[in-house]
Every structure is written in structure tokens, then in C-alpha cells.
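For reference, the structure is listed below as C-alpha cells.
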Amino acid sequence: MAVMQRKPIRVLDSASVDRIAAGEVIERPASVVKELVENALDAGARIVRINVEDGGLAAIGVEDDGAGIPYRELPLVCERHATSKIVSSADIVQVASFGFRGEAMASIASVSRTTVLSRTEDEDVGGLIRLAGGTIERREPAPRNRGTTITVEDLFYNTPARRKYLKLPQAEKRAVLQTVQSLALAYPEVRWRLTADGVVLLDLLPADSLPARAREVLGPACLEHMARFEAQEGGIVVGGLASRPTWTRPTRADQYVFVNRRPVESAPLYQAIRVAFKDVIPPGRFPAVLLFLQVPPGDVDVNVHPAKTEVRLMLERHIFGMVVHALREALDLRTDPSFRPVSGDELPSPGASRGPLQSTVEAQEDYLRRHFSGSASTAPAASGQPGLFDAPRPAPAAGEAAAPASAEEEEAAVAPRQAPFWQLHRTYICTQTKGGLLLIDQHNSHERILYNEAQKALAAGQLRFPVQQLLFPVTLDLTPLQLQSYQAASADLEKLGFLIQPFGGRSVLVQGIPTSLKNWNEGQLLLDILDDLSGAARTGHAAHDDLLASFACHGAVRAGALLTVPEMQNLLDLLFATDTPLSCPHGRPTMIQFTVEELEKRFGRR
Ligand code: ADP
Ligand code: MG
């Protein structure tokens, strides 16, 4: 039997330790940016400039005007467990700075070529130190104004496995943008500038308030729908800005949570937001929320996650309740009528909505009058016969003769013999087929139609969707993330029938939209698509699929929308003209058929 050769236990050398630790703190370029920027803020910076090349894979630079690092301490910056922020273990529970573990710089330096250039107020010249894979290669005096510049090149050059897991530069760039945005929201008083490959992504002057900063980051349109909320209890303060149910997004990308000004991912706090908005926002939509939580430093443990993006809160249940309550009070969410699930009872009475579209209710009633009540001139209303959708008449007073109805009329009113299209609960289309009864989901079906049409339009190259010129072109102010998505997808959007032009700064002018879209909604639809794309962040073929799915989903007629009979007819014709009419692009069914045999079984006829 072969005996395995045992090797002696050894303590790992520090280079290996650093590289292992780097795997926890430094996942991707955005985590480097986060650590560097947090160090700049800890140093009291009022100006932070960030530059990334090739999504941060080639180079990341962060420049600040903070306190700087004395020349003699430069060799310690990238030393493991070297920090200027806490002195003893007792300080950890009271920590008020971003950093305190003294390992970010060591981790970053161990997996890149890092240069630190810095000068403090009371030094005449500054100094520079350069490391490769964590080993110091150079240290020398170098001029600089007060502050620090850190450059990180060739990230993960010595850990190829890690490098392989990275997304494409475009996606990494967006992650960097998102990281900087959340810190910029927490620090409105700081001037921020983010550039990527020479292009300015963010340029934020110091703002005197959160709303002023939020306007820049979330866009002015979003801010118009936002309200402040605040609550205070004991030593805990929750507050911030949240959008009313009139403004929602298709992803959670516009929800930012901060604990003691530190951007965090907190499942319970996201959950609190969800609960607060539960009854007033349709499923799958998310309000924009900037939630700031201030707790005594001793009540929050920021040391549960190496990158400190998760925190553990004491009194979690209590805080949960405070957040839900504060949001509901400030936004009046319990009484907001702007969204309620539609039920059959709540359909407006005929004539209540006389828009350009004749409502289905009216159309159905009309249909019944014309087909089952003799000629149109002797419509039930005129002859005193109630229409199917009229309120029941009060019983005739004694002595008053009830209007005589012919037997034929009576039968017809309850049992239409021909098959019209019937809309149920403003969601399903019901119709009779040769073999039985067909129920069609209006949203799923329209999604399928749009998806297939759009697929053809993208594949055809030049060919575009039929375009509807907008009578009043719409200017949309995009957020930095939306602008990124737009730039990446503009050629495809044009093929789909969007006529869009850059309009200075982050604005675009929309002059035309695809004719077949249903929910243009003053441009909200395009913003939703761009949001989806920035969440997806894929390229090539996969990006096409993301765009198609988002276009079809947001453009399709919603559940809850009234359809006219011709519209229903049209929808069915188009659906059956596709080569995949039975399911929507997500694989959900578009229709359910009840055969006559099935009905017979149910009614005990067989
Ligand atoms: P931590 O932030 O946990 O202390 P880091 O590894 O991030 O650890 O940084 C190590 C030390 O380097 C910090 O404690 C700080 O003294 C110094 N340092 C890093 N970046 C800067 C900066 N931009 N300005 C001033 N000092 C810095
Ligand atoms: Mg740090």
C-alpha cells in the first residue's frame, strides 16, 4: 500500500496570504474603486477624481485632495493590517471611518502593479512608492499638491483564474459607475468626477443637499416624483427620498441603502421598502429610494463582510418597522389610488371613459344591442330593456306595466349565439373556436408578437419597424447609467423604430417610436428598457436577446388595459401569424383552450 508522503505544517509566506485575502476583498475593478474612494473620503477629501481604462482592467486611478500620507509611512500603506484609523481592538466597535482593517491596499497591491503618490500639508515634497504583486520596487521623493493619487494597473495580472471570471469591460465599467454613484449620493458635499477611457461619465459639483445630488444621479424626472421621509426614535434616525407610486423602475437599480453613510446591501432594508410599497405598486416594479439609516456606531457590526458591503444591525426588527412606517406616512401609501389591482366589479360603467378608444364594455354592449335586440334603433336602452352592463332597474312600481319583452329578446340577452371577442378582467380575451372556448392572455400574446417582429427587424439590418412620428417630440434626461445603455444599444434601438438624437449633456430627443408599442407613457417606456439593459450588461448576441425581451415586455399591452373589439381581433390575427403563437418569450402560455369535450365532461354530459 502506498503511503502518502506527508508534508510538514508551515506558515504561509505573506505574499500568499495577501493573495488569498485579495480574493475576498477585491472581486473586480469596482471593488478596487470602492476601496480607493473610501480611503480618499476617510482622508477628508473634498475632490475625488476617478479614471478607469478598459473597464478598470488596464488601469484605475483615484486622485484626492485629502490629508495625504507622510513619506516615511509610504512603505506601510500596502502592508497587511497596517491602518491609521484604529489604535486598539476596542476602537473597532466605535469605528466611524470606512476603513479600519488595514488590508484593502495590501490586497490590491498583491494582485496588481500599484503606485501611490502622496504629500501631506507639512511636507515640502511628496513621495512615490511603486509595487508589483505586493513587492516594493521603488520609493522616491516626487512632487505633488496635498493629497493622494493611487494608480492600479494590470489588475489580476498574477492571478489568471480571477481575471477569467471578470465580465466584459463594458459591464465592469458600469459596475464602477454604480459604485461611484452610491458614494456620490452619500457625499453630496464632495466634488466627483469619473472618466472612462477619456469620456466623462459623471461630473458632479459639490451639492448643498441630498435632493440636489439625487437630481444629478437619478435624473430630474425621477426627482419630481420623489418625497422626503424621516423618522427618529431613540438614537436611530431613518430618512431619505423615495419616489411615489407614480414613478417606478423595472429593476432595483435605483434603490440605495446607506448605514451611517456607508453604502450597503441589506436584504432586510430592501425588504422593508418592498413591504411599504406592497399594495400600491404592481409586482415586478420598484420605487426609487435613497434610504439613510443613522445608528450609534456600537449598534452596527460592519465587520461581517470583508468588503464591508453587508452589515449586521442590532434591533433589526425595530428598524424594519420604522422604515416601513416612515415610508408609508410620508408617501401616503395606504391611500394612494394610482394603482390598485383591477377586478371585474371595478370596471367603470359604460360611458364613464369616453376617450378616443371605444371601451370594450361599450363595444360589447353595443354588439349585444345590435345583434340581439332587433335593429340598432330599438336598442334596449331605448326600449326600456336593460343592457347587460346597465345597473339593474328598480322594480316597477305597482300598477306600472312592465315593458313587455319578446321571448326572443330575452333569450338573446342571456345567450349570445355568435362569438364576439370578450375581454375579461381587462386581461384575458375570450372567444369561441370551432373546438371549444379559447382564453388568451393579452399581455403574453402581445409580448410574443412584438418579440418576433423585433427579432426580424434586428436581423434584417436596415429594415425598421413602422415608425410613428411623435407630434410633440419628447426630451428625456437620462441618468449616467441609462446613457451608457443608450450608447451601447442606439443602433439596435433605431432598427426597432426609435428615432432618437443626442440633445446635449445627458439628454436625448425622441422624435419617433415604433408604431406597435402600447405603453409609450411619455418616454417612461424607453427609460425602462434602458434600465433593463444596464442591469443586464451583456454584449453581442446576448445583448440582442436582452433588448428584445425588454422591448417586448415593456411595449406590450398591459393586463388591466381596455381593448376594443377591433384591437382584440387584430391581436389574435397577429398572434396566429407568428410561427410560435403558443407561448410568450419567457415561456409562459399565451392561450388556454377548453375543448367542447372538456366542457361536456365538466357539465356531466359525458
Ligand atoms: P484601512 O482603510 O482599513 O485603514 P487600507 O489598506 O485601505 O486600510 O489603507 C491603509 C492605510 O493607508 C490607511 O489607514 C491610510 O492611513 C492610508 N491611506 C490609504 N489611502 C489613502 C488616501 N487616499 N489618503 C490618505 N491616506 C491613505
Ligand atoms: Mg481602506
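Along the sequence shown, residues carry numbers from 1. Order of listing sets the numbers, starting from 1, for every ligand and every atom in it.
- In this structure, Leu293 CG and Ile236 CD1 are separated by 7.0 Å, a value rounded to the nearest 0.5 Å.
- For ligand 1, the atoms sitting less than 4.0 Å from at least one non-hydrogen atom of Ala43 are 24 (N), 25 (C), numbered in the order shown with element in parentheses.
- Under 4.0 angstrom from ligand 1, there are no non-hydrogen atoms of Glu35.
- In terms of protein heavy atoms, atom 2 (O) of ligand 1 is closest to Lys85 NZ, 2.7 Å.
- Under 4.0 angstrom from ligand 1, the non-hydrogen atoms of Thr148 all belong to its side chain.
- Closer than 2.8 Å to the Mg ion (ligand 2) sit the protein N, O or S atoms Asn39 OD1.
- Between the side chain of Asp477 and the backbone N or O of Gly219 there is no donor-acceptor pair closer than 3.5 Å.
- Under 4.0 Å from ligand 1, the heavy atoms of Asp64 that appear belong solely to its side chain.
- Distance check, rounded to the nearest 0.5 Å: CZ of Arg28 to CZ of Arg162 gives 11.0 Å.
- The closest heavy-atom contact to atom 19 (C) of ligand 1, among the options Leu36, Asn39, Thr120, Val62, comes from Asn39.
- The contact set between ligand 1 and Thr83, taken as ligand atoms under 4.0 Å from a residue heavy atom, comprises 1 (P), 4 (O), 14 (O).
- At distances below 3.5 Å, at least one donor-acceptor pair connects side-chain atoms of Ser243 with backbone N or O atoms of Ala288.
- The distance from atom CG of Leu478 to atom CZ of Phe503, rounded to the nearest 0.5 Å, is 12.5 Å.
- Summary of contacts: the protein heavy atom closest to atom 12 (O) of ligand 1 is Val77 CG1, 3.8 Å.
- Salt bridge absent: Asp65 and Arg46 never bring a charged side-chain N and a carboxylate O closer than 4.0 Å.
- At the top of the distance list for atom 15 (C) of ligand 1, counting protein heavy atoms only, stands Ser84 OG, 3.4 Å.
- Using a 4.0 Å cut-off between a side-chain N of Lys or Arg and a carboxylate O of Asp or Glu, Arg285 and Asp528 qualify as a salt bridge.
- Of the possible donor and acceptor atoms, one in the side chain of Ser485 sits under 3.5 Å from a partner among the backbone N and O of Leu530.
- With rounding to the nearest 0.5 Å, the separation of OG1 in Thr159 from NZ in Lys164 is 11.0 Å.
- A salt bridge does not link Glu329 with Arg228: none of the charged nitrogens is closer than 4.0 Å to a carboxylate oxygen.
- Of the candidates Ala82, Gly147, Gly102, Ser118, it is Ala82 that places a heavy atom closest to atom 11 (C) of ligand 1.
- Close approach to Phe100 involves these atoms of ligand 1, each under 4.0 Å from a residue heavy atom: 1 (P), 3 (O).
- Under a 3.5 Å cut-off, the side chain of Arg215 and the backbone N or O of Val217 do not form any donor-acceptor pair.
- The single protein non-hydrogen atom nearest to atom 17 (C) of ligand 1 is Ile69 CD1, 4.2 Å, given as residue, atom name and distance.
- Checking Glu38, Met105, Glu73 against atom 6 (O) of ligand 1, the nearest heavy atom belongs to Met105.
- Relative orientation of the Phe551 and Phe498 rings is perpendicular, given thresholds of 30° and 60° on the angle between their planes.
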